[in-house]
2 protein chains.
Amino acid sequence: MASREYGQFCGLARAMEMIGERWSVLIIRNLLIGAQRFTDLHRGLPAIPTNVLSARLKQLEEAGLATRRALPHPERAVVYELTDFGRDLEPALIALGRWGARTLAEPRPGEVVTAESIAMSFRTTFQPEAAVGVTAGYELRMGDFTFRLQITDGALAVGIGPHPSPDLVIERLTGFPIRELITGGKTPDEVLRDGSVRTEGDPALLGRFVEMFRF
Amino acid sequence: MASREYGQFCGLARAMEMIGERWSVLIIRNLLIGAQRFTDLHRGLPAIPTNVLSARLKQLEEAGLATRRALPHPERAVVYELTDFGRDLEPALIALGRWGARTLAEPRPGEVVTAESIAMSFRTTFQPEAAVGVTAGYELRMGDFTFRLQITDGALAVGIGPHPSPDLVIERLTGFPIRELITGGKTPDEVLRDGSVRTEGDPALLGRFVEMFRF
DNA sequence: CCGAATCCTGGTAGATACTG
DNA sequence: CAGTATCTACCAGGATTCGG
């Protein structure tokens, strides 16, 4: 038996052979946002050594989860992108992230919060059954980060950066109002009245937001 | 930052810190069947070094996923068992196993098929929406292994060993008829007529079986 | 500056032997 | 039965270097 295999004819064992090494699932999490350059990935995973990032990308490519592509001319850059096969891991990563999030209390000393980890938290808290038939675009402005959440016919797409045509913009002014909305710590009325958020657009969509994103 | 952490405030990163090391998820997969002794785990994971199994069990216990318990007197033995927290990983493991199973073609040279990996495959192929309201007990006899699948009000429980009061017994006689039923390679009528399976009990439950277990 | 490759160190896993 | 001990080999972490 080759040394990095599990010696079992089992789907779960095969999955762990492909993504079980250190950093792999976090790289995939970040690629779920979209194509990324080596440097983007390194920025989003500041603690990964560059040689390990390099090795993992090569492995993910060999396993058919990601592709490496050189952008056409003026943009001479290399981007990494998930294949359909790699993207099919999303439900499993959401389930894992939801399980792990139960242990999140406070950031540990030295821990960072990245845009990609916040984007993942929108995926893990999304409640498809509360979004059936919904189509709406949200822009969330949270200090340094802005996210676009597009729900199209009940399906969620998460992006980093402004939304081109949001139905509702939710802007954080103070504290952590969006986390409080999602955990149920505060109601939409409360965060509007205490001045921790400001909205632009259809105000009814804030109530819909807390129905669709719950933890 | 401690060396085995990811330095990110993220549920997925926390999950990988707890179960991301080699062998951990396969140990959890085997514990999903029920309490197991050290030797049971080693039998179900023949390729794991005993020192690594020992270390992983200690870690799982420290992380609150499993407990170590000495059985009362005459049975002087130690069993390991998942906590509720550990058992909550089941949906994530099912999603991962389902994803990985897409790459399963033939066993690689030297690979073994264990009872626990087959039990996992029943979990990954189970279709809850096809089992809504169903209550039925199956006993599956597949050569060396026998499994009990109890569906109670749409919820599946998988065990290794005979079913105390099966509504239908499905016995493999030749080939891989149960896999063929689940993948759609053969219909219930076909496997009955070609003599690859024999059943005892309510024959209608064989049709129900292929509706509830699909890949 | 981007995307690595190289080198070194220390820690983790694999293999096997051994013990209460 | 349920592990521990020991040794080796490999992998990850960290820093530096290098070609396009």
Side-chain angles (χ1 to χ4, degrees), chain A residues 1-8 13 16-27 30-31 35-62 66-81 110 112, chain B residues 1-8 13 16-27 30-31 35-63 66-81 110-112:
Chain A
M1 183 189 56
S3 74
R4 298 277 97 190
E5 299 175 355
Y6 286 103
Q8 304 214 346
M16 294 316 290
E17 288 168 3
M18 290 188 275
I19 65 164
E21 280 172 304
R22 202 159 151 67
W23 294 106
S24 290
V25 309
L26 295 188
I27 292 170
N30 284 15
L31 290 176
Q36 305 245 25
R37 294 190 300 183
F38 189 92
T39 319
D40 298 330
L41 289 166
H42 197 203
R43 223 192 316 276
L45 264 6
I48 192 176
T50 60
N51 57 347
V52 174
L53 177 54
S54 192
R56 289 296 167 276
L57 288 169
K58 213 162 289 178
Q59 283 176 269
L60 292 177
E61 200 185 347
E62 278 166 17
T67 56
R68 182 196 143 103
R69 183 161 55 87
L71 289 182
H73 199 57
E75 300 262 3
R76 79 181 187 306
V78 179
V79 292
Y80 296 89
E81 200 163 17
V112 298
Chain B
M1 182 187 59
S3 73
R4 296 278 97 189
E5 300 176 353
Y6 286 103
Q8 303 215 349
M16 294 315 290
E17 289 168 3
M18 289 188 276
I19 64 163
E21 280 171 305
R22 202 160 150 67
W23 295 105
S24 289
V25 309
L26 295 188
I27 293 170
N30 285 15
L31 290 176
Q36 306 246 26
R37 295 188 298 184
F38 188 93
T39 316
D40 299 330
L41 288 166
H42 197 203
R43 224 193 316 275
L45 265 5
I48 192 175
T50 57
N51 56 348
V52 174
L53 176 55
S54 193
R56 289 295 168 276
L57 288 168
K58 215 161 287 179
Q59 283 176 269
L60 292 177
E61 200 185 348
E62 278 166 18
T67 57
R68 182 196 142 101
R69 183 161 55 87
L71 290 182
H73 200 58
E75 300 262 4
R76 77 182 187 306
V78 179
V79 292
Y80 295 89
E81 201 164 18
E111 272 188 344
V112 298

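Convention: sequence-line order gives letters A, B, ...; per-chain numbering from 1.
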Counting only side-chain heavy atoms from C-beta out, which of [options] sits nearest to [X]?
X     : options               : answer
A:R22 : D:dG13, D:dC11, C:dG3 : D:dG13
A:T39 : C:dC2, D:dA12, D:dG3  : C:dC2
A:R37 : D:dG3, C:dG14, C:dG3  : C:dG3
B:F38 : C:dA5, D:dG3, C:dA15  : D:dG3
A:N51 : D:dA2, C:dA13, C:dT6  : C:dT6

Rounded off to whole Å, could you give me the [atom1]-to-[atom2] distance for the [X] and [N] pair?
X     : N      : atom1 : atom2 : value
B:E21 : C:dA13 : CD    : C1'   : 10 Å
B:Q59 : C:dT12 : CD    : P     : 9 Å
A:L57 : D:dA12 : CG    : C1'   : 16 Å
B:I27 : D:dA2  : CD1   : C1'   : 14 Å
A:L53 : D:dA15 : CG    : P     : 16 Å
A:R56 : C:dG3  : CZ    : C1'   : 17 Å
A:H42 : C:dC2  : NE2   : P     : 12 Å
B:D40 : D:dA2  : CG    : P     : 7 Å

Establish, with yes or no, whether the OP1 or OP2 oxygen of [N] is under 4.0 angstrom from a side-chain nitrogen or oxygen of [X].
X     : N      : value
A:Y6  : C:dG14 : no
B:W23 : C:dG14 : yes
B:S54 : D:dT4  : yes
A:K58 : C:dA5  : yes

Would you mind writing out the side-chain donor-acceptor pairs for residues 40-48 of chain A within the sub-3.5 Å range, not counting sequence neighbours?
{"residue": "A:D40", "atom": "OD1", "partner": "A:R43", "partner atom": "NH2", "Å": "3.2"}
{"residue": "A:D40", "atom": "OD2", "partner": "A:R37", "partner atom": "N", "Å": "3.0"}
{"residue": "A:H42", "atom": "NE2", "partner": "A:I48", "partner atom": "O", "Å": "3.2"}

Can a cation-pi geometry be assigned to B:R68 and B:F38, taking NZ or CZ under 6.0 Å from the six-membered ring centre and within 45° of the ring axis?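 Pair B:R68/B:F38 does not count as cation-pi.
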
Got a second to check how far B:E17's CD is from A:R22's CZ, nearest 0.5 Å?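 Here the rounded value is 7.5 Å.
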
Using a 4.0 Å heavy-atom cut-off across all strands, classify [X] as base, sugar-phosphate, or nothing.
X     : result
B:A77 : sugar-phosphate
A:R68 : sugar-phosphate
B:T50 : base

Starting from the 5' end of DNA chain C, give me the residue, B:P49 or A:V79, whose nearest nucleotide shows up first.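 The residue whose closest nucleotide sits nearer the 5' end is A:V79.
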
Please say which of A:L31, A:N30, A:V25 ends up in a side chain to side chain contact (heavy atoms under 4.5 Å, CB included) with A:I27.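 Among the candidates, only A:L31 passes.
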
